[in-house]
Protein chains: 2
Amino acid sequence: MSSPKLSPRTRTAAARREEPSLPSGTASPDAPPPSPGDGQPSGAAPEGEPPYRVTEQVGYLLRRAHQRASALFQEHFSGIDLTPTQFAALSVLVDEGELSQNLLGRVTAMDPATIQGVVMRLRDRGLVERVADHTDRRRFMVRPTAAGRAIATGAIAEARAVTAATLAPLKPAERKTFLALLRRLG
Amino acid sequence: MSSPKLSPRTRTAAARREEPSLPSGTASPDAPPPSPGDGQPSGAAPEGEPPYRVTEQVGYLLRRAHQRASALFQEHFSGIDLTPTQFAALSVLVDEGELSQNLLGRVTAMDPATIQGVVMRLRDRGLVERVADHTDRRRFMVRPTAAGRAIATGAIAEARAVTAATLAPLKPAERKTFLALLRRLG
DNA sequence: GGATCATTATTCGTACACGAACAAAACCGT
DNA sequence: ACGGTTTTGTTCGTGTACGAATAATGATCC
């Protein structure tokens with residue numbers, strides 16, 4: 001119920017309505033390495049550059065899509081009360097058995113400062129435990145508790161549902177394509 | 001620079017065979033060919049589900065790609081010292097001229113609580129100004145200052161470079177495809 | 001051995017992101 | 001005109017994200 005009504009054409013922004021035609025015509029043929037210093041394709045721009053619109057850039061679209069994916073996750077996990085990152089960390093731990101806190105962060109794409117908070121919250125809820133590593137006294141090994149294991153495995157069905165809901169706007173073949181491309185941007 | 005050493009010494013995860021057995025109602029007895037990578041036939045899934053791996057789900061990949069895009073943005077904008085969301089808000093304001101704070105948030109995909117902080121920080125730096133709306137005394141109109149306009153227009157070249165760097169791993173045709181699909185997931 | 005460098009974990013500060021609760025103003029049907 | 005609903009903006013609390021600084025330990029080189 002309650003239509004989202006996210007149509008912000010209230011006052012301005014209704015005057016012009018051109019189609020994007022072709023996105024970003026930088027004539028890089030292939031493999032533009034991340035060489036810093038390529039300010040812009042200055043110099044040669046024979047074709048009229050399309051206007052820059054922030055809401056059509058990858059960064060903005062990625063932020064939007066990530067917001068939607070997180071919202072869908074929260075809906076499905078409102079009962080379990082796990083955030084996407086908490087579930088990611090817990091799920092990896094259940095698969096791997098035991099990881100140092102730092103390595104767990106790298107595997108789940110979290111900063112050392114970020115994984116610290118995530119692990120602490122999981123520990124406060126009794127889902128993981130931290131054990132000092134005897135061979136390397138800098139490290140803490142993190143491993144799931146029985147409760148954490150039960151919750152993670154029991155939530156896999158919901159997690160699959162979240163993935164399905166997130167990809168729902170795409171047709172099956174498009175999902176495959178999208179995931180293959182998205183993987184290369186990670 | 002030290003090799004990242006991102007190799008979780010997985011000795012597990014190889015000899016796994018447990019069957020999920022209870023994920024969703026997928027008890028379709030007629031199992032089509034078990035071709036791998038068959039996508040996700042919505043509804044009845046064939047048997048032999050692949051193991052669930054968090055790091056291959058859309059949500060995780062979107063988070064990762066968004067992190068990378070933000071990092072690239074920060075690199076290019078370290079001199080200007082604008083965050084992606086701050087630039088998005090400012091850029092939209094320069095295009096639209098003047099928007100209420102609430103509408104600005106909707107256009108840039110930010111929660112009312114989020115856009116509030118973003119606008120405040122932009123105002124503290126003298127890039128936007130907030131004016132009370134006389135026709136609707138609940139609203140504040142937000143508009144860019146001369147300085148904000150100058151910064152936003154002057155940064156468009158860098159912003160294009162960020163987009164190019166973010167999409168660099170993909171070939172031009174793939175970028176077009178990816179953006180078209182990503183747009184539909186927003 | 002001892003100096004140097006790298007890794008691990010922690011803490012601090014800042015910035016998104018959003019649910020929830022709130023007050024003021026606008027809107028609406030009757 | 002009135003009362004109920006919606007919209008707008010604010011504040012609070014929690015969680016993710018990360019740069020920077022720090023301390024402790026491990027690894028390496030001379």
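Sequence lines set the chain letters: A, B, ... in the order given, protein chains first and strands last, and positions in each chain run from 1.
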Checklist entry - To the nearest 0.5 Å, what is the distance between CG (B:Leu185) and CG (A:Leu61)? => result 10.0 Å
Next on the checklist: Please report the distance, rounded to the nearest Å, between CG in B:Leu99 and P in D:dT8.
Outcome noted: 12 Å
Item to check | Side-chain H-bond candidate by donor/acceptor type, A:Asp133 with A:Thr135, under 3.5 Å | outcome: yes
Checklist entry - Is any side-chain N or O of A:Arg130 closer than 4.0 Å to OP1 or OP2 of C:dA9? => result no
Checklist entry - Looking at B:Gln116, does any N or O in its side chain come under 4.0 Å of the phosphate oxygens OP1/OP2 on D:dG9? => result no
Item to check | A:Leu62 CG - D:dT16 P separation (whole Å) | outcome: 20 Å
Checklist entry - Could you state the interatomic distance from CZ (A:Arg139) to NE2 (A:His134), rounded to the nearest 0.5 Å? => result 12.5 Å
Checklist entry - Looking at A:Arg184 and B:Glu174, does any basic side-chain N land under 4.0 Å from a carboxylate oxygen? => result yes
Checklist entry - B:Asp133 CG to C:dA26 C1': how many Å, rounded? => result 12 Å
Checklist outcome for this item: Reading nucleotides 20-27 of chain D from 5' to 3' and marking B where a protein heavy atom lies under 4.0 Å of the base, S where only the sugar-phosphate is that close, and - otherwise, the string is ----BBS-
Checklist entry - Looking for any heavy atom pair under 4.0 Å, which part of the strands does B:Thr85 touch: base, sugar-phosphate only, or nothing? => result sugar-phosphate
Next on the checklist: As a test of reading the structure: which of C:dA9, D:dG9, D:dC18 is closest to the side chain of A:Thr114, going by heavy atoms?
Outcome noted: D:dC18
Checklist entry - Atom CG of A:Leu104 to atom P of D:dT16: distance rounded to whole Å? => result 13 Å
Checklist entry - Rounding to a whole Å, what distance do you find between B:His66:NE2 and D:dC18:C1'? => result 13 Å
Item to check | Distance, nearest 0.5 Å, that separates NE2 of B:His76 from OG1 of B:Thr166 | outcome: 8.0 Å
Next on the checklist: Heavy atoms only, 4.0 Å cut-off, all strands: where does A:Gln74 land among base, sugar-phosphate and nothing?
Outcome noted: nothing
Checklist entry - Measuring from A:Ile115:CD1 to A:Arg106:CZ, what's the distance to the nearest 0.5 Å? => result 11.5 Å
Checklist entry - B:Pro112 has a side chain; which of D:dT10, C:dC18, C:dA9 sits nearest to it? => result D:dT10
Checklist entry - Nearest nucleotide by nearest heavy atom, which residue falls closer to the 5' end of DNA chain C, A:Gln101 or A:Ala71? => result A:Gln101
Checklist entry - What nucleic acid atoms does A:Thr83 come within less than 4.0 Å of, heavy atoms only: base, sugar-phosphate, or nothing? => result sugar-phosphate
Checklist entry - CZ of B:Arg64 versus C1' of D:dC18: gap in Å, rounded? => result 15 Å
Checklist entry - Tell me: CD1 of B:Ile115 to P of C:dA17, nearest whole Å? => result 10 Å
Next on the checklist: Is it true that B:Glu129 and B:Thr145 share a donor-acceptor pair across their side chains at a distance under 3.5 Å?
Outcome noted: no
Checklist entry - What is the distance, rounded to the nearest whole Å, between atom CZ of B:Arg125 and atom C1' of C:dT14? => result 13 Å
